[in-house]
There are 2 protein chains.
Amino acid sequence: MADVNLLRAVSPAAPIAASPQFLREAEIRRGIELLYFGYSNMVKGADVHLAAQGLGRAHHRALYFIARRPGMPIGDLLDLLNITKQSLSRVLGDLQARELVVQTVGTRDRRQRMLSLTAAGAALETELFECLRDGVTRAYGHAGQNAVTGFWTVLTGLIPPEDRPMIEALQQAAPAERSAA
Amino acid sequence: MADVNLLRAVSPAAPIAASPQFLREAEIRRGIELLYFGYSNMVKGADVHLAAQGLGRAHHRALYFIARRPGMPIGDLLDLLNITKQSLSRVLGDLQARELVVQTVGTRDRRQRMLSLTAAGAALETELFECLRDGVTRAYGHAGQNAVTGFWTVLTGLIPPEDRPMIEALQQAAPAERSAA
DNA sequence: AGATTTACGTCAGCCATGTTGACGCTTATG
DNA sequence: CATAAGCGTCAACATGGCTGACGTAAATCT
C-alpha cells in the first residue's frame with residue numbers, strides 16, 4: 001500500500017483557523033481540495049448502495065430532488081440538474097420501469113408531467129439519504145453549530161446569486177405546485 | 001425559461017444560523033444540496049476552459065495534483081484520485097502527448113515514475129486554478145474569516161480520519177520526495 | 001542467488017452518463 | 001388560428017469510469 005507515502009512532515013489534528021489574509025493561494029487550494037474530497041466521501045456510501053441495485057449517481061440525483069419536491073414538473077428538474085432532457089429521460093425511464101417514480105399530467109397546465117415517488121421510490125430514497133446523513137451528521141456534530149453556519153455561508157457564496165432562489169426554494173417545506181410562468 | 005418557477009414563498013437573503021438541534025433532516029439536506037451545487041458551480045468555469053482545449057475534468061484533476069506535489073509518483077496520484085491505473089493512464093497519456101506532463105525515473109526507487117509539469121503544463125494549471133480561484137475568493141470574502149474556518153472544519157469532518165493525513169500532506173509547502181515505505 | 005513482490009505499462013472490451021441534432025405531439029397562449 | 005411551450009424520442013457520439021489479463025524491470029525477502 002502506498003497510502004502512507006503521502007505522509008511527510010505531519011499534519012496537525014484540528015483545522016487551523018483562517019488567517020487574516022485569508023485570500024492567498026494556499027487557502028484557496030485548501031478549500032478546493034476539501035470541497036473535492038468532502039463531496040467525494042459524502043457520496044461514497046450511497047454509490048455502493050446504488051450499485052447494489054444496478055443504479056448510478058444520476059438516478060440518485062433525480063430521486064433525491066423528486067423526494068424533495070414531490071409534484072415537480074420535468075422542466076424544473078432539468079433546471080436543477082443542469083443536464084439535457086435526453087440525459088434525464090434515460091434516467092427517468094429507468095426509474096419508471098422499476099416503479100420508483102410516476103408521472104401525472106399537470107393540473108394547471110396539462111402539458112406538464114408532474115413527478116413523484118412511489119412508496120418503493122420513497123423507501124429507496126430514504127435509504128440513500130441515510131447513507132449521506134450519517135457522514136454529514138458526524139461532521140456537523142464534531143464541527144459545532146457555528147462551523148455549520150460558516151459552511152453554509154461559504155457554499156452559498158460559491159453559487160451565482162441568480163441561481164440561489166432556485167436552491168433555497170428546495171428548502172421550503174411545502175411541496176411544489178408550480179407557479180404559473 | 002422555467003428558472004423562475006422554482007421560486008415560491010421566497011427565500012431570505014442571508015443564510016440562517018444553524019439551530020440548536022442542528023442535526024435534523026432539513027439541515028442535513030441543506031448541507032447536501034449546498035455541497036452539490038457549490039462544487040458544481042466552483043468547477044463550472046474550469047470545465048469551459050478545459051473544453052476549449054479538448055481536455056476534461058479528469059485531466060484537470062491530474063494536472064492539479066501534480067502541480068501541487070511535483071515529483072509525485074504514479075501510485076500516490078492513484079491513491080488521491082481513487083481510480084484505476086488504466087483510467088489514469090489514459091489521462092496521463094493525453095497530458096504527455098501534449099507535453100504538459102513529464103515522467104522521470106524515481107531516484108530512490110527506480111521502479112517509480114515521478115510526475116511533473118512542463119512549463120506549458122504549469123501555465124495551463126495556473127489558468128485553470130484562476131478559474132476556480134475567482135469563485136472561491138469571492139465566497140471567502142463575503143463569508144468572512146470565521147465562516148471559512150467553519151467551512152474547512154465541516155468538510156474535514158466528512159473525510160474519514162484515515163484519509164486525512166494524505167490530504168493534509170498536500171498542504172505542506174515542500175514538494176514530495178516520496179518517503180520510503 | 002533465487003524467488004517473490006512491487007510499481008508500472010498496456011491491450012481489449014464494457015458501462016454510465018453526459019452531449020448534439022432532428023423531428024413529432026399535445027396543450028397554452030396571443 | 002398561428003405560434004410557442006413542455007415534453008417524448010431516435011440516433012450518434014464523447015468522456016471517463018470499470019474489469020480482466022498479461023508483461024517487464026527493479027526491489028526485497030529468504
Side-chain angles (χ1 to χ4, degrees), chain A residues 1-5 40 43-44 46-48 50-63 71-79 81-97 101-115 178-181, chain B residues 1-6 40 43-44 46-48 50-63 72-79 81-97 101-115 178-181:
Chain A
M1 250 108 305
D3 272 335
V4 83
N5 291 325
S40 299
V43 299
K44 201 164 281 181
D47 281 348
V48 172
L50 283 159
Q53 341 237 333
L55 297 173
R57 238 181 242 191
H59 301 98
H60 187 192
R61 287 197 280 265
L63 274 179
M72 174 187 271
I74 300 254
D76 282 7
L77 186 52
L78 284 173
D79 288 341
L81 293 174
N82 204 30
I83 60 177
T84 61
K85 62 176 174 174
Q86 293 91 329
S87 291
L88 179 57
S89 105
R90 223 171 4 205
V91 168
L92 283 182
D94 291 347
L95 295 175
Q96 285 166 352
V101 166
V102 288
Q103 284 187 358
T104 62
V105 172
T107 51
R108 195 184 359 265
D109 184 335
R110 295 175 46 80
R111 290 171 303 180
Q112 294 183 328
R113 295 301 117 97
M114 318 295 251
L115 297 164
R178 192 187 190 178
S179 60
Chain B
M1 252 122 291
D3 273 335
V4 84
N5 292 325
L6 288 172
S40 298
V43 299
K44 201 165 281 181
D47 281 348
V48 172
L50 283 160
Q53 341 238 333
L55 297 174
R57 236 181 245 191
H59 300 98
H60 186 192
R61 287 197 280 265
L63 273 179
M72 174 187 272
I74 301 253
D76 283 5
L77 186 51
L78 284 172
D79 288 341
L81 294 173
N82 204 29
I83 60 178
T84 61
K85 63 176 176 175
Q86 292 92 330
S87 292
L88 178 57
S89 105
R90 232 179 348 214
V91 169
L92 283 182
D94 290 347
L95 295 176
Q96 285 165 353
V101 166
V102 288
Q103 285 186 358
T104 60
V105 172
T107 50
R108 195 185 358 268
D109 183 337
R110 296 176 45 82
R111 290 171 305 181
Q112 292 183 332
R113 296 300 118 99
M114 317 296 251
L115 298 163
R178 191 186 190 180
S179 60

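Computed from coordinates, the A:Gln112 CD to D:dG6 P distance equals 7 Å when rounded to whole Å. Distance, A:Asp94 CG to C:dG18 P: 12 Å, rounded to whole Å. Remark: C1' of D:dA14 and CZ of B:Arg57 are 15 Å apart, rounded to the nearest angstrom. Distance, A:Leu88 CG to D:dG8 P: 9 Å, rounded to whole Å. The CG atom of B:Leu81 sits 18 Å away from the P atom of D:dT15 (whole-angstrom rounding). A straight line from CG of A:Leu95 to P of D:dG8 spans 13 Å, rounded to a whole angstrom. If you measure from atom CG of B:Asp47 to atom C1' of D:dA14, you get 14 Å, rounded to the nearest angstrom. Atom CG in A:Leu115 sits about 13 Å away from atom C1' in D:dG8, given to the nearest Å.
Between B:Ser89 and C:dT10, a side-chain N or O to OP1/OP2 separation shorter than 4.0 Å is absent. In terms of phosphate contacts, B:Arg110 brings no side-chain nitrogen or oxygen within less than 4.0 Å of OP1 or OP2 of C:dT6. The phosphate of D:dG16 has OP1 or OP2 within less than 4.0 Å of a side-chain N or O from B:His59.
Taking only side-chain atoms of A:Lys85, from C-beta outward, the nucleotide of C:dG9, C:dT17, C:dA22 with the closest atom is C:dA22. Checking D:dG17, D:dC7, C:dC8 against every side-chain atom of B:Arg113, the shortest atom distance belongs to C:dC8. Among D:dG17, C:dG18, D:dG6, the nucleotide with an atom closest to any side-chain atom of B:Ser87 is D:dG17.
We find the CG-NE2 distance between B:Leu92 and B:His59 to be 9.0 Å, quoted to the nearest 0.5 Å. Interatomic distance, CD1 of A:Ile74 versus CZ of A:Arg111, reported as 14.0 Å (0.5 Å rounding). With rounding to the nearest 0.5 Å, the separation of OG1 in A:Thr104 from CG in A:Leu115 is 8.0 Å. In this structure, B:Gln112 CD and B:Asp76 CG are separated by 7.5 Å, a value rounded to the nearest 0.5 Å. Put simply, CG on B:Leu50 and CG on B:Leu63 are 8.0 Å apart, with the number rounded to the nearest 0.5 Å.
Heavy-atom nearest nucleotides on DNA chain C were determined for A:Val91 and for A:Gln86, and the one closer to the 5' end corresponds to A:Val91. Map A:Thr84 and B:Arg111 each onto its nearest nucleotide of DNA chain C; the residue landing nearer the 5' end is B:Arg111. Closest-nucleotide positions on DNA chain D for A:Arg90 and A:Gln103 were compared, and the one nearer the 5' end corresponds to A:Gln103.
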